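Written out below as C-alpha cells is the structure these notes cover.
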Amino acid sequence: MTGPAKRLPHTDAVVIGLGWAGSIIAKEMVDAGLEVVGLERGGWIETGVDFNINTAPDELRYARRQELMLQTVQNTVTARNNSAQEALPMRKWGSFHPGNGTGGAGLHWAGITWRFQPEEFRLASYLSEKYGDEVDPNLTLQDWGTDWSEMEPAYDYFERIAGVSGKAGNINGEILAGGNPFEGARTRDYPTGPTIPTYAPKLFAQVAEDLGYKPFHTPSSILSEAYTNIYGMQMGPCTYCGFCTNYGCANLSKASAITCVLPALVRQQGFTARTRSEVLKIETDSNGSKATGVTFVDSDGQEWFQPADIVVSAAFTFENVRLMLLSGIGTPYDPATGKGQTGRNYCYQTANNVRLFFDDKEFNSFIGGGAIGMAIDETNNDNFDHSGLGFVGGGSTRVGPIGAPPIGSRPVPEGTPKWGSKWKQATTENYNRSMSIGCESSSYAQRGNYLSLDPNYKDRLGRPLLRVTFDFPENDLRMSQYVTDKIEEIGRAMNPRSIERNAMTGHWNTVPYQSSHVVGGFVMGADPETSGTNKYLQSWQVPNLFVVGANAFPQNPGYNPTGTVGALAVKAAWAITRDYLKAPHQPLVQA
Amino acid sequence: MSLKPPLLTRRRLLASAAAGLSLISTGAYARVLDGTAPWQPFAANPPEQGWTGTWRFFNEAEARTIGAMADRMIPADDLSVSGREAGCAEFIDGQLAGSYGTGEKLYMQGPFKEGTPEQGDQLPWTMAERYRMGLASLSEYCRKTYSNEFADLDGETQDEVLSGLETGDIALSPIPSKTLFSDILNNVMEGFFADPLYGGNRDMASWKMLGFPGARYDYRPYLMKYNEKLDLEPVSMAGRAAWQTEATQ
C-alpha cells in the first residue's frame, strides 16, 4: 500500500466487475443518463488486440495454462467437504474456472444459453405442492421471489444482447416442432437461427428421436449467422474452429461482454472503466444501511475511495459473496442454526456423462464449438414424474462437440496404459472414433453447504480467502444414477463398440474440472431472513446496493447459468433505471 | 549472390511481436479507459517464447534423463517418432524456464498441509523445484540400484523404473515419486501434442498421427461431411514447413 486512500470525484454509480452482469447494468445506466465508473480486477480485453486469428487457437496457452482465468496468486478459495475438515487453498484451478479481466468468466465460457423453466422460480413451493413429504428434508430449497411474467421479458432482452442462436419450442403457449417442448412460453423466437450439428450430435438426435425423445438444437451464444445486437454491436458467424470453451473468439462469434457490450459502452460519455483495480470493500454509513461508495486498490498498490450514490456488485459468485462478508452486508450464514443470509444456499452443478467408442465412425471431433450440438430435456428438472423415485431434479442431456485439441482430448477406453506402445496405439485408434453424451444436472441446497471467510488463509492483500464447504447431497447422487441410466440407454442404442459410464459418485473433488457453475451464497427471495436481496437484486439491508450474478440462485437446475445471469442483470438494470431513480435509497419491495 | 528482401512469415511476425510488445500485452498496470476505444492496430497479444535453441532450465544430464523418459513414454514406431525426437525435453525446458516453472501465477502461501485427496496438490514446491529435486533423487536411485544413470539403462529397465515411479513402489525424496512421474508424463504429453511453436511436436508429428488438423480457422466447408475421414494436412500457428522460404531458414 502507498499511503491512505485517495478520494476520487463523486459518480452516480459504481459497478464492481465488467463481466456480463456488470457491463449490461453499466450500459443501461449510462443510456439512462447516469455517470458510471466500472471497476475491473483484471485487464481490459478486446478482440482485435487479444485474440489474433492466428494465435487464438493455442491449447497450451489457453486451455492448459489458463491465460484467461483468474490466477490463484491473485485470489483463490479454500475448500473442504464438510465442517469437520480443515479447508485448504485451491492452489491451481481444477473443479471450476473463475475469469479475469473484462468479460469475466463469460469470456471463456461455452456459450450454452438457457432460460430456466417457469417452475424454477418457485421451486420449493412447486415441489412441495407436487411431492409433499417425498422431498428429502435435508434439502433447503427456496423460491426466487420472482415469476415467469417478470423473467420472460428480461430473458428476451438478454437474448437480443447476446444474439442467441436456437429454435423456439414454445411461443405464447404453442408447442413448436424442432424446439424444446419443455421451455417456458416465450413471446418470440431466438434472434438467430440454430447452429449446424456435427456428426456426433446428428447421430445422437436421430437415435434419441427413434426412442421417442424430442431433440432440439442447444441454444447457443456461439452464433450461427451474422448479427447486429440491440447496442449496435456486430457479430460474425461461427466457423466451428474447435477452440472455444476456455478460449477467446477471434471471429466475434462468441457472445460476451467484450463482444456485445463494452466496445459500445467505452465510447459513451458518462462511462469510465478502471482496470487492474480490485475492490476491497463496499463502504457504508455509520448505521450500515446506506452504501457511500467503494474502496479499491490499483496495481501500483494505491488505494482509492470512489464515492457513489448507487453501488452494483457484479463480480463472479465467489467474489460477490466474499465482498458481502468483508463489507458486513447481511448476517453470515450459520449451518448449525440455518440462520443468516450471507453464504447461504451455495450450490454447484452435478456432472454426469457416458462415453462411447466406435470402430466404424469418424466424428471429426476437432470441428465444433462450445454450444454447438443437440439436446433433449426429458431427463431434466421435473420434466419427468419423480413420484417414488427418491430424489428430485435432473439434467439437460446434450451432445456438444466443443472441439478436440489433443493435449486434453485423447479419449481411450478404461484400462488403457497411460504411456508406451499400447497407449499410443489406443490413442491413435480412438481419437476420432469416440463421443460422449453429457447430462449437466441440478444441484440442490442442503444445510451444511455454504460459503464463509477462511480463518487461516489470506489473499495477497491480507484479506481472508473465501471458504467453500460443499459436498454432493444424497438427493443429487441418487438423481445422477437415474439420469445416467437414461443416457446410457440412448448410448447403447447407438451401437458403440464399448460404453463407459461416469455418474457422479462420492465426494466433491476440487481436482478435475467439472463446471464453473457455482451459484448461491447471497440469494434473491421474498423473505429478508433467508435472502440477501429482493427480486430486483436490491440488498434488503442496503437499498442503494444491488448484488447481481449467479450468487442470487437459491439452487441450480440442470441448466448452464449464464442465460439467467444475463436476465437477472437486465432485471436489475430495469429496476434501477425505471423505478429506483424515482425514489432513490428506497427499497423496491417492503420487507 | 542475389539480394532478396526479407520476408515476413507467420513465424517471424510472431517472434517480432513477442519481442516488441510483451510489456504492453501483459497489461499489468492499472488503466483508466474513458471516451475512446483502447485499441491500437497490430497491438496483438502474442504467445510466450518457445524453444530458443539453448537449454534455459535443464543441465545436460537432466535434459538427457527427460529425453530418455520421453523415448519410453512415447516410443518411436510406425505411428510417429519418439517423444524425445519430437522435442518434448526442449518443450519442458521452455516451460520450466517460464511462469509455469516459477509458479508465479499460483497461490503459494502457507501453511502447507497434507489434505484429503479431494483437496488437491498442496506441495510447497514450484514445478522448477520439483524437477530439480526429483531428477536428482531419481539419479541417486538409479546410481545406487544400477550403478548407472537413467538415460544409460536399457529400455526394459527404464520401463521398470518408470512403472516403479508411477505406482510409487520406488521412493524418492522429498518429491513423492508418483507426483514426479505424473508431472513429467503430463508435461511430456503437452510437449508431444502442443503447437510446435513451443518446441515440441516437431513437424506436427503427433497431429499427423491423430489426424488433428491443428490451428485451422474455418471448418464450415467440412461441417456436413458426416462420417468421412477428412485427412486434412495440419497447420501450426507458425505455419507449415512447406511455407518456409530460404530467408526464414
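Order of the sequence lines fixes the chain letters, A, B, ..., with proteins taken first and strands second; residue numbering starts at 1 for each chain. None of the values given here were measured: they were computed from a predicted structure.
- Of the possible donor and acceptor atoms, none in the side chain of B/Glu228 sits under 3.5 Å from a partner among the backbone N and O of A/Glu362.
- Side-chain contact between A/Arg91 and B/Asp121: absent, with no pair of heavy atoms (C-beta onward) separated by less than 4.5 Å.
- Looking only at side-chain heavy atoms (C-beta outward), A/Lys424 and B/Ser80 come within less than 4.5 Å of each other.
- When each of A/Gly420, A/Pro512, A/Ser421 is scored by its heavy-atom pairs under 4.5 Å with chain B, the top score falls to A/Gly420.
- In this structure, B/Leu197 CG and A/Asp58 CG are separated by 7.0 Å, a value rounded to the nearest 0.5 Å.
- Heavy-atom pairs under 4.5 Å with chain B were tallied for A/Glu429, A/Lys361, A/Glu40, A/Arg410; the largest tally goes to A/Arg410.
- Note on A/Lys418 versus B/Glu166: no salt bridge recorded, every NZ/NE/NH1/NH2 to OD/OE distance being 4.0 Å or above.
- Atom CG of A/Leu88 and atom OG1 of B/Thr116 lie 7.5 Å apart (nearest 0.5 Å).
- Each of A/Arg64, A/His507, A/Met90 has some count of heavy-atom pairs under 4.5 Å with chain B, and the biggest count is that of A/Arg64.
- Per-residue counts of heavy-atom pairs under 4.5 Å with chain A were compared for B/Gly214, B/Pro111, B/Gly110; the largest is that of B/Pro111.
- Ring pair A/Phe366/B/Phe212 is perpendicular by interplanar angle, where above 60° counts as perpendicular and below 30° as parallel.
- With A/Trp419 as the partner, the side chain to side chain contact (heavy atoms under 4.5 Å, CB included) test is satisfied by one option alone out of B/Leu185, B/Ile184, B/Ile74: B/Leu185.
- The candidate with the highest count of non-hydrogen atom pairs below 4.5 Å against chain B, out of A/Glu86, A/Gln85, A/Arg460, is A/Glu86.
- To the nearest 0.5 Å, atoms CG (B/Asn227) and CG (A/Asp360) are separated by 7.0 Å.
- Pairs of residues two or more places apart, or lying in two chains, that qualify as side-chain hydrogen bond (donor to acceptor under 3.5 Å, both in side chains) and include a residue from residues 205-216 of chain B are B/Asn201-B/Ser206.
- Atom CG of B/Leu223 is separated from atom CD1 of A/Ile372 by 8.0 Å, given to the nearest 0.5 angstrom.
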